[in-house]
Amino acid sequence: STGVASLTITLPRGLAARIKANTALGSLSIGDGFITRAGGYWTEAALQEGTPVLHLEASASLGSLKIRVEE
């Protein structure tokens, strides 16, 4: 969580992750490589059963929140 700041989260390609992201008065930018499902953003690997999944909740009040997958 951040208040008045920008936050960029970069995940390794192939990581199984589910992101729940919120912004109050800021901006949200979700990069390629995520699928919207069940109120969150999932990586392709997270949609496969049997894989441990990283659950991440990120929020920014007055800044920007960027979520990316490594190239």
Side-chain angles (χ1 to χ4, degrees):
S1 293
T2 65
V4 183
S6 295
L7 176 65
T8 300
I9 299 170
T10 304
L11 302 173
R13 184 165 299 284
L15 176 71
R18 179 179 180 261
I19 312 295
K20 191 173 190 180
N22 298 303
T23 57
L25 297 174
S27 64
L28 175 62
S29 174
I30 304 294
D32 293 336
F34 293 94
I35 299 159
T36 303
R37 177 133 338 140
Y41 303 95
W42 298 62
T43 61
E44 187 86 31
L47 295 175
Q48 299 173 359
E49 292 185 26
T51 303
V53 177
L54 170 69
H55 292 268
L56 179 65
E57 291 189 32
S59 63
S61 296
L62 294 173
S64 65
L65 178 56
K66 297 178 184 177
I67 302 173
R68 305 278 184 257
V69 172
E70 270 183 340
E71 294 299 321

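Computed from heavy atoms alone, side chains included, the values below leave out hydrogens, waters and symmetry copies.
Every pair passing side-chain hydrogen bond (donor to acceptor under 3.5 Å, both in side chains) that includes a residue from residues 24-41 is listed here, sequence neighbours excluded: S29-R68. The side-chain hydrogen bond (donor to acceptor under 3.5 Å, both in side chains) analysis of residues 13-24, with sequence neighbours excluded, yields no pairs.
L25 CG to L62 CG: the interatomic distance, rounded to the nearest 0.5 Å, is 5.5 Å. Here NZ of K66 is found 12.5 Å from CD1 of I9. Values are rounded to the nearest 0.5 Å.
Connectivity analysis of hydrophobic side chains (ILVMFWY, heavy atoms under 4.5 Å, direct or indirect) links W42 to I35, L47.
I19 has its side chain out of reach of I30: every pair of non-hydrogen atoms, C-beta onward, lies at least 4.5 Å apart.
By the rule that hydrophobic residues join a cluster once side-chain heavy atoms approach within less than 4.5 Å of another member, V53 and F34 end up as members of separate clusters.
Scored by the side-chain contact (heavy atoms from CB on, under 4.5 Å) test, A5 finds T2 as partners (sequence neighbours excluded). Every residue was checked against the side-chain hydrogen bond (donor to acceptor under 3.5 Å, both in side chains) condition with T8, not counting sequence neighbours, and none meets it. In this structure S59 satisfies the side-chain hydrogen bond (donor to acceptor under 3.5 Å, both in side chains) test together with S1, sequence neighbours excluded. Applying the side-chain hydrogen bond (donor to acceptor under 3.5 Å, both in side chains) criterion to S61, with sequence neighbours excluded, gives no partner residue.
The two atoms that bring L65 and A58 nearest to each other are CD2-O, 3.7 Å, heavy atoms only. Residues A16 and T43 come closest through the heavy atom pair CA-OG1, 3.5 Å. The heavy-atom pair separating L11 from A17 by the smallest distance is CD1-CB, 3.9 Å.
Within 6.0 Å of CD in E44 there are 12 or fewer heavy atoms belonging to other residues, nucleotides or ligands.
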